[in-house]
Amino acid sequence: MFNIYQWNAIKYVWSRSKGWLFASILFSIINGFLPFANLWVAMSLIDAVANYFQAQNADPVPVFLLLAGQFILSLVSSLCSHIKQYMDSRVEAKLGYEVQQTILKKTASVPILYYDSPDFHNHVNRVSGDGARLLAPLRTFFSLVEMVLSMGSYLTFLIVIHWSLVVVSLLTAIPIFLIQTKYGKKRYYLLKQQTPVAREAGYYSSLLKDRDTAKEIRLFNLESFFLQKWAMKHLQSMKETLLLERRQHTANIGLDALTGLFYVGIATVIIWLASQTRLSVGGFISIVQAIQGAQGVLSRISGLLASTYEENLYLKDYYTLLAFEDPELKDYKRDKECPNPIQQIILEDVSFRYYGGGEEILKNIHLKISANQKIAIVGENGSGKTTLIKCLIGLYSVTKGRVLIDGININEITKQSLNQQIAVIFQDFVRYLLNVSENIGVGDAERMTHRDEIVQAARQSGVDRFVRQLPQGYDTQLGRTFADGEDLSGGQWQRVALGRALFRNSQIVILDEPTAALDPIAEMELFKQFQKLAENKIAIFISHRMAAAKVADQIIVMKEGQIAEMGTHEELMELEQEYYRMYQSQAQWYTSDESSEKAVAAWTN
Ligand SMILES: Nc1ncnc2c1ncn2[C@@H]1O[C@H](COP(=O)(O)OP(=O)(O)OP(=O)(O)O)[C@@H](O)[C@H]1O
């Protein structure tokens, strides 16, 4: 009856809200029997009233008793429905919160390789709505129980009067049931099919709304280009939905006509019954109500069944999302601590390809990094420098070979202890819309309140200099999105990011071209100074500027996913190959009159 996803949801709801479950069962049973009681009381009441008016000196007490019965029934019905609604809302709010939290935790911790998968984004997109939908299978089940009991009530009432009434009422309801179920299924497939289109439309609309894209959109006059793209996708999904709606409504018109015809049939049967038996007025009205009620119930059952297709989609997406794990890591226990201090990192015949196949981006890399070494990675665009870093720090697990930290496979080290030893600033580092102090403090959230150390990191990275000019110093909100926010220049943001990396007490510090906004000489001096600051750490920096690389103990030259050359500046210059060629092509940048002292002064003052 239930599939695996529905069972999982039921088990979860059972573990979290047993009280709600029992109450729901109770209310479903009461609600299921209420129609029978209502019909019976209504019929008796009408007959009693008719009798009271017709008979002389009739006793009014039965009328009042039946009125009291009707009042009690409506009170019970109202009580049940409102208590149930409140309990539902409470459980929905509680589970909705928990489910959203689980989804956020999962999306923030899922192996980063899935961020390259459109399928993953489709899943996230589909589940990030209302988390309380986990309750859906149970709610549907209880509603079905209630509907079946109600149906039983109506049919029992009808069969007591005449069996043909049951046949007629079922006959009229079955076509409605079939058509609604069919369109429920179609809606489910449409929803699934539309997710990628809706995501694309969402992307184009975000380009038109976001602050980060606002400049370029205006300067390149891209408004109508993206508006058109958005309109195309939006209209595509709108058209599909409307087409389905149109078909459904057309079918409904046919259904209504059919239902009308059936009513004629029903009326004929009732009139025939009235002529054959002594059907009371109350009996006549109640039969009509019972038939309409039975049809309503069947229509609601078909609606419920149709919605289960949609609910199933949600549950399947939710549980599939929770099961996303790195396939390369499934054989590892991840129970070792990261060595401290780290003596050596070795990349042993490492190859790597991104999610979804494609060609190998890293090919047979062999590399040894020792404690306190300062490494520069250079190479043309797309040669694999950033990818090498991502594999070296375990952000992506390698497809072939091993990354070893003091002999331990990186895949066996707990994420927590590994990440604690790494500070990276990528090219696209994050500009948090927090204050200056927090922007540096997130480098080590546990020490976020250590203002002295934050200020020290800010001094080392050159942040302190401009922070003094901000209205609230370290407490100044950065970014213009929130109230009283101050924006920084590209270079100033880079210094903030650098401060963040320095604030982290890690053994490995990596800078992936975070200094692109600095001029070549300032960048070279920054690297020199950075070498000193990272004296007892492994420091790796990626740069397109050869003179900056010059100061490293070891320079790695990447080419087409492989290490083409490796050695000190002098060794590589002597080789007169790739590095030599790149260095020579940039040599004139560094013959400027500007002295390096001047650059250092500019950096540290
Ligand atoms: N997430 C990804 N999925 C698929 N391919 C990717 C992904 N990221 C990078 N690549 C590909 O991997 C190759 C190497 O990219 P990488 O970013 O490592 O180069 P890089 O040397 O750092 O380049 P740059 O100097 O331009 O920053 C490129 O061909 C790129 O297209």
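Basis for what follows: all heavy atoms, side chains included, without hydrogens, waters or symmetry-related copies. Start at 1 and go down the list; that is how both ligands and their atoms are numbered. Sequence positions, counted from 1, serve as the residue numbers for this chain.
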Participant: Answer yes or no: are there more than 12 heavy-atom neighbours, outside K106 itself, under 6.0 Å from its atom NZ?
Facilitator: yes
Participant: Decide if atom CD of Q228 counts as having more than 12 heavy atoms of other residues, nucleotides or ligands within a radius under 6.0 Å.
Facilitator: no
Participant: I need the R495 CZ to Q460 CD distance, nearest 0.5 Å.
Facilitator: 13.5 Å
Participant: Are more than 12 heavy atoms, taken from residues, nucleotides or ligands other than Q101, located less than 6.0 Å from that residue's CD atom?
Facilitator: yes
Participant: Compute whether any side-chain donor of one residue and acceptor of the other, for Y396 and T387, lie under 3.5 angstrom apart.
Facilitator: no
Participant: Quick check: do Y432 and L478 have side-chain heavy atoms less than 4.5 Å from each other?
Facilitator: no
Participant: Which is closest to atom 16 (P) of ligand 1 by heavy-atom distance: T387, I389, D512?
Facilitator: T387
Participant: Based purely on interatomic distance, does G384 place a nitrogen or oxygen under 3.5 Å from a nitrogen or oxygen of ligand 1?
Facilitator: yes
Participant: Taking only heavy atoms of H544, which atoms of ligand 1 are found under 4.0 Å from at least one of them?
Facilitator: 25 (O)
Participant: With nothing but distance in play, are any N or O atoms of T386 less than 3.5 Å from an N or O of ligand 1?
Facilitator: yes
Participant: Check each of F426, Y354, Y355 against atom 5 (N) of ligand 1 and report the one with the nearest heavy atom.
Facilitator: Y354
Participant: What residue and heavy atom of the protein are closest to atom 23 (O) of ligand 1, and at what distance?
Facilitator: G382 N, 2.9 Å
Participant: Looking only at distances, can you tell me whether any N or O atom of G379, backbone or side chain, sits closer than 3.5 Å to an N or O atom of ligand 1?
Facilitator: no
Participant: Give the numbers and elements of all ligand 1 atoms closer than 4.0 Å to a heavy atom of E380.
Facilitator: 21 (O)
Participant: Mind checking the CD-OG spacing from Q562 to S351? Nearest 0.5 Å is all I need.
Facilitator: 8.5 Å
Participant: Can you confirm whether something in the protein, heavy atoms only, sits under 4.0 Å from atom 30 (C) of ligand 1?
Facilitator: no
Participant: Quick one: look up the protein heavy atom nearest atom 26 (O) of ligand 1 and list residue, atom name and how far away it is.
Facilitator: N381 ND2, 2.9 Å
Participant: May I ask you to check whether H121 and Y115 place their ring centers less than 6.0 Å from one another?
Facilitator: yes
Participant: Nearest 0.5 angstrom please: T476 OG1 to Q469 CD, how far?
Facilitator: 11.0 Å
Participant: Answer with yes or no whether Q427 contacts ligand 1, where contact means a heavy atom under 4.0 Å from a ligand atom.
Facilitator: yes
Participant: Mark up the atoms of ligand 1 that fall under 4.0 Å of a heavy atom belonging to S383, in ascending order.
Facilitator: 19 (O), 21 (O)
Participant: May I ask you to list the atoms of ligand 1 that are less than 4.0 angstrom from any heavy atom of I361?
Facilitator: 11 (C), 12 (O), 13 (C), 14 (C)
